[in-house]
Participant: 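Dumping the structure here so I can ask a few things about it.
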Amino acid sequence: TFGPTRRVVDSWDYENDLDSTFPSWVKQQIDEDATSHREYFRRRANTRIMSTVDTGEVSHPCEKNTRWSRYAFNHLDEDKILHVAGGGSGPYLFSIDGIPRTKVNDIKLRRGGRLSSPGSYKICSVNEGVSATLRLKIGGRCERLLIGNPPVNFAS
């Protein structure tokens, strides 16, 4: 950024002629290493808020300017039960607490095998993002779903 700090302003030599001191001060400012307020600001701005506040208050899903995630599950779903419905070769409906989250065509596990449908599975962990890691409790251990955290999809 360009400009003096309060310390520099307070220490300015007002006794000397401005025409002789100001150009050297400007040159000194230009020669200093640049700093980025933008970088500092962006690291701290728009952080995720884990509770509802006036500026991020939940609104009706159909309201103009509502914001949505493309992925079906988030960290609040950890320890909840994922219900899988459908049969044969799919599609399969994933729901939590009776609320449909998405339809998927693939229910394979990363280490081999597949989910049973219909079936219910405890969600061990969720990484937020499409295709990010989604672990479900199967046979006493947490297994990764091959497709990861699926996108929200209700196309037929």
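Predicted, not measured: the structure shown is a model, and the values here were computed from it.
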Participant: According to side-chain contact (heavy atoms from CB on, under 4.5 Å), who are the partners of Ser131, at least two apart in sequence or on a separate chain?
Facilitator: none
Participant: Give a yes or no answer on whether the side chain of Ser117 reaches the backbone of Gly86 with a donor-acceptor pair at less than 3.5 Å.
Facilitator: yes
Participant: Could you report the tightest heavy-atom contact between Tyr92 and Asn105, atom names first, then the distance?
Facilitator: CE1-O, 3.8 Å
Participant: Would you say Asn16 and Phe22 make side-chain contact, with heavy atoms under 4.5 Å?
Facilitator: no
Participant: Return the CZ to OG1 distance between Phe73 and Thr102, rounded to the nearest 0.5 Å.
Facilitator: 7.0 Å
Participant: In terms of hydrophobic clustering (I, L, V, M, F, W, Y; side-chain heavy atoms under 4.5 Å; direct or indirect links), are Leu109 and Ile107 co-clustered?
Facilitator: yes
Participant: Is it the case that one hydrophobic cluster holds both Val126 and Ile138, taking links as side-chain heavy atoms less than 4.5 Å apart, direct or via other members?
Facilitator: yes
Participant: Taking Asn127's backbone N and O only, do any of them form a donor-acceptor pair with Asn149's side chain (distance below 3.5 Å, no angle check)?
Facilitator: yes
Participant: NZ of Lys108 to CZ of Arg144: how many Å apart, nearest 0.5 Å?
Facilitator: 16.0 Å
Participant: Which heavy atom in Ser120 sits nearest to a heavy atom in His83, and how many Å separate them?
Facilitator: OG-ND1, 2.8 Å
Participant: Does Ile81 reach the side chain of Ile96, with side-chain heavy atoms less than 4.5 Å apart?
Facilitator: no
Participant: Which value, rounded to the nearest 0.5 Å, describes the distance between Ser125 atom OG and Lys137 atom NZ?
Facilitator: 11.0 Å
Participant: Does Ile123 belong to the same Ile/Leu/Val/Met/Phe/Trp/Tyr cluster as Ile147, with side-chain heavy atoms less than 4.5 Å apart forming each link?
Facilitator: yes
Participant: May I ask you to decide whether Asp10 forms a salt bridge with Arg6, counting only side-chain N to carboxylate O separations under 4.0 Å?
Facilitator: no
Participant: Can you check whether Tyr71 reaches Val152 side chain to side chain, under 4.5 Å on heavy atoms?
Facilitator: no
Participant: Can you establish whether the number of heavy atoms outside Arg114 located under 6.0 Å from its atom CZ is more than 12?
Facilitator: yes
Participant: To the closest 0.5 Å, what do you measure between CG (Leu134) and SG (Cys142)?
Facilitator: 10.5 Å
Participant: For Asp31 and Gln28, indicate whether the former's side chain and the latter's backbone hold a donor-acceptor pair under 3.5 Å.
Facilitator: no
Participant: Quick one: are Val104 and Leu145 in side-chain contact, heavy atoms under 4.5 Å?
Facilitator: no
Participant: Determine yes or no for a side-chain-to-main-chain donor-acceptor pair under 3.5 angstrom, with Arg135 supplying the side chain and Cys124 the backbone.
Facilitator: no
Participant: Can Leu76 be reached from Leu82 by stepping across I, L, V, M, F, W or Y side chains whose heavy atoms are under 4.5 Å apart?
Facilitator: no
